[in-house]
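Structure first, then comments.
Model, not experiment: these values are computed from the prediction. Sequence lines set the chain letters: A, B, ... in the order given, protein chains first and strands last, and positions in each chain run from 1.
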Protein chains: 2
Amino acid sequence: MASVDRHRQIIDAVRRAGQLSVVELAERTGTSEMTVRRDLELLAEQGLLERYRGGAKSVLLRGEEPPFALRATDGIEVKERIAASVAEMIADGEAVVIDAGTTCLAVARALARRRLTVMPLSLHATNALVGAPQLRLLMPGGEPRPGELALTGPLTEASLAALRFDTAIIGCCGLTAANGLTAYDLADAAIKRAAIASAHRVIVVAEAAKLSRTALALVAPASALHAVVTTDEAPDAEVAALHSLGVAVRRV
Amino acid sequence: MASVDRHRQIIDAVRRAGQLSVVELAERTGTSEMTVRRDLELLAEQGLLERYRGGAKSVLLRGEEPPFALRATDGIEVKERIAASVAEMIADGEAVVIDAGTTCLAVARALARRRLTVMPLSLHATNALVGAPQLRLLMPGGEPRPGELALTGPLTEASLAALRFDTAIIGCCGLTAANGLTAYDLADAAIKRAAIASAHRVIVVAEAAKLSRTALALVAPASALHAVVTTDEAPDAEVAALHSLGVAVRRV
DNA sequence: AGGTTCAAACAGAAAATATGTTTGCTATGT
DNA sequence: ACATAGCAAACATATTTTCTGTTTGAACCT
């Protein structure tokens, strides 16, 4: 499908320019205005940009987290590499809780054919896991946040509080030795905290960029974590600092 | 797609004969054996029949409930008619719990564009409701039963016990004035009971055939119900009996 | 061993989807 | 109110994907 390339091109162009007209986008993509309009309608539906009469504008503001659909296709190979590494760390028969987010979704996919008990914290991961024959799927309650489909709220916390997992696989928006594990969303942070509290072992997945970032909501100090799986590009200083706090860091 | 007709033809033929060879099926459908094999693989995956070397056999036994995928395409118009009628009975702003099952799935679809708070008791309904902009979606916890994707177990019961809905929309396997509301699955029955207990008003959806059937597990006596939506074919005697127990019966 | 059943690979057919053009409608600004 | 740009629907065409049947060689059962 060539359309997916064009979609990416449109998103990038709009993001770079802040906003662009339909005419301008039609020229840049070498297609008709009608096609651009159809694309914009589609992309706006997914929350990837915002439509206005005559064009579209970027939805990326300030320090906010980009929407799920945007992150989903970003750096897939890296996420899959991290996910494969995490899958190696899980033994058959374990009970695992998997956080929301795109990296954790990759982990869920990597675990789908394993013999495990899994509680996913987002409906995306749920959809990746239903139908897996060997897997015992446990759903938490909660309210799915639009787009992200991360389950949050008191029902989710209650579900987690009632269970004890062998391993929690947690995603994050930021992780440093000094500032700990942080998230953009307060409700998400509360869930991550509950998931960590319900698990014997905590594995954090974090692309390298997150190891030099701190988000608004503190989830837990770094010392509460047992392992971090990241990539080669992770800054040595941060890795060393985490290591000195007793966190095993794995770079893949 | 013509293949869906052929699938139905294959399912019916296998069900009628108990079991049939690939060669026989290829002849009956007027296609090649390879196509039949591919179909059988597909259908077996959905649990619609069972594959064995050389052919396939029916998976329908005794008084058991046919698998979800089989019921899903059965009598859609009737289910949609019932669903539309139920949708009329729900006022905007209500909090509604929707049971699992194919008829209830139709109700979920009919309510997707409404301004409501909805807790679906199956992941099929969840998928029909995510992304609905006006709707507040609440997920119960629980373990999704394969195929059906009905959420059951203590997590589901706990989720229901924590909430009070305006209306519960309940499906069933059997409903008579004498034997009450019944279900095939014990775990399902427990959930239905919890849903009924958590709601102020209980609406049961039931195709006519269910009004002359009784399944294994008792959910509730008919007197616990407020309304039943069924079709014209519902037997008059049963309708009258239900009515005399204070249940409003609507035939659409 | 010997026949049958099956899965993979490929090519052609059929269907679904994507695209561009035209046309008439709608919204926006003056 | 009017003019204009933007838009949506309808349709025809092009492209892609999916479906199907045949062939071939491997797997299976007796």
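- Heavy-atom distances under 4.0 Å link DNA chain C to no residue of residues 39-48 of chain B.
- Judged as a ring-ring contact (aromatic ring centres under 6.0 Å, His included), not a single pair has a partner in residues 69-113 of chain B (not counting sequence neighbours).
- Look at B:S32 and you won't find any side-chain N or O under 4.0 angstrom from OP1 or OP2 of D:dT20.
- With sequence neighbours left out, B:T167 forms a side-chain hydrogen bond (donor to acceptor under 3.5 Å, both in side chains) with B:E94, B:R201.
- We find the CG-CZ distance between A:L20 and A:R15 to be 13.0 Å, quoted to the nearest 0.5 Å.
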Anything under 3.5 Å between a protein N or O and an N or O of nucleotides 4-6 of chain C, put it in a table, one pair a line.
| residue | atom | partner | partner atom | Å |
| --- | --- | --- | --- | --- |
| C:dT5 | O3' | B:G54 | N | 3.0 |
| C:dT5 | O2 | B:R53 | NH2 | 3.0 |
| C:dC6 | OP1 | B:R51 | NH2 | 2.7 |
| C:dC6 | OP1 | B:G54 | N | 2.5 |
| C:dC6 | OP2 | B:R37 | NE | 2.8 |
| C:dC6 | OP2 | B:R51 | NH2 | 3.3 |

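- Scanning for side-chain hydrogen bond (donor to acceptor under 3.5 Å, both in side chains) contacts around B:D232 gives an empty result, with sequence neighbours left out.
- To the nearest angstrom, P of D:dC19 lies 10 Å from CZ of B:R38.
- Evaluation of the salt bridge (Lys or Arg N to Asp or Glu O under 4.0 Å) rule for B:R51 yields no partner, not counting sequence neighbours.
- Here the CG atom belonging to A:L42 is positioned 10.0 Å from the CD1 atom belonging to A:I10, to the nearest 0.5 angstrom.
- Candidate nucleotides C:dA7, D:dT20, C:dG20 were compared by shortest atom distance to the side chain of B:M34, and C:dA7 ranks first.
- Across the helix from C:dA1-D:dT30 to C:dT30-D:dA1, the helix axis at one end is tilted relative to the axis at the other end by 50° (nearest 10 degrees, each axis from five pairs).
- Listed in residue order, the members of residues 9-20 of chain A having a heavy atom less than 4.0 Å from DNA chain C come to none.
- A:R8 and A:D74 are joined by a salt bridge, as a carboxylate oxygen and a charged side-chain nitrogen come within less than 4.0 angstrom of each other.
- Ion pairing between B:R81 and B:E77 fails under the 4.0 Å rule for side-chain N and carboxylate O.
- An OP1 or OP2 oxygen of D:dT20 is reached within less than 4.0 angstrom by no side-chain nitrogen or oxygen of B:T31.
- By the salt bridge (Lys or Arg N to Asp or Glu O under 4.0 Å) test, B:E41 pairs with no residue at all, sequence neighbours left out.
- Among pairs with a residue in residues 81-103 of chain B, none fulfils ring-ring contact (aromatic ring centres under 6.0 Å, His included), at least two apart in sequence or across chains.
- In this structure, the nucleotide among C:dT21, C:dA7, D:dT20 sitting nearest to the side chain of B:R6 is D:dT20.
- Counting only residues at least two apart or in different chains, ring-ring contact (aromatic ring centres under 6.0 Å, His included) contacts with residues 109-134 of chain A comprise A:F68-A:H124.
- The nearest whole Å value for the distance from the CG atom in A:L25 to the C1' atom in D:dG6 is 14 Å.
- Between A:E88 and A:R250 there is a salt bridge, since a side-chain N of the basic residue sits under 4.0 Å from a carboxylate O of the acidic one.
- The side-chain hydrogen bond (donor to acceptor under 3.5 Å, both in side chains) test applied to A:Q46 returns no partner, not counting sequence neighbours.
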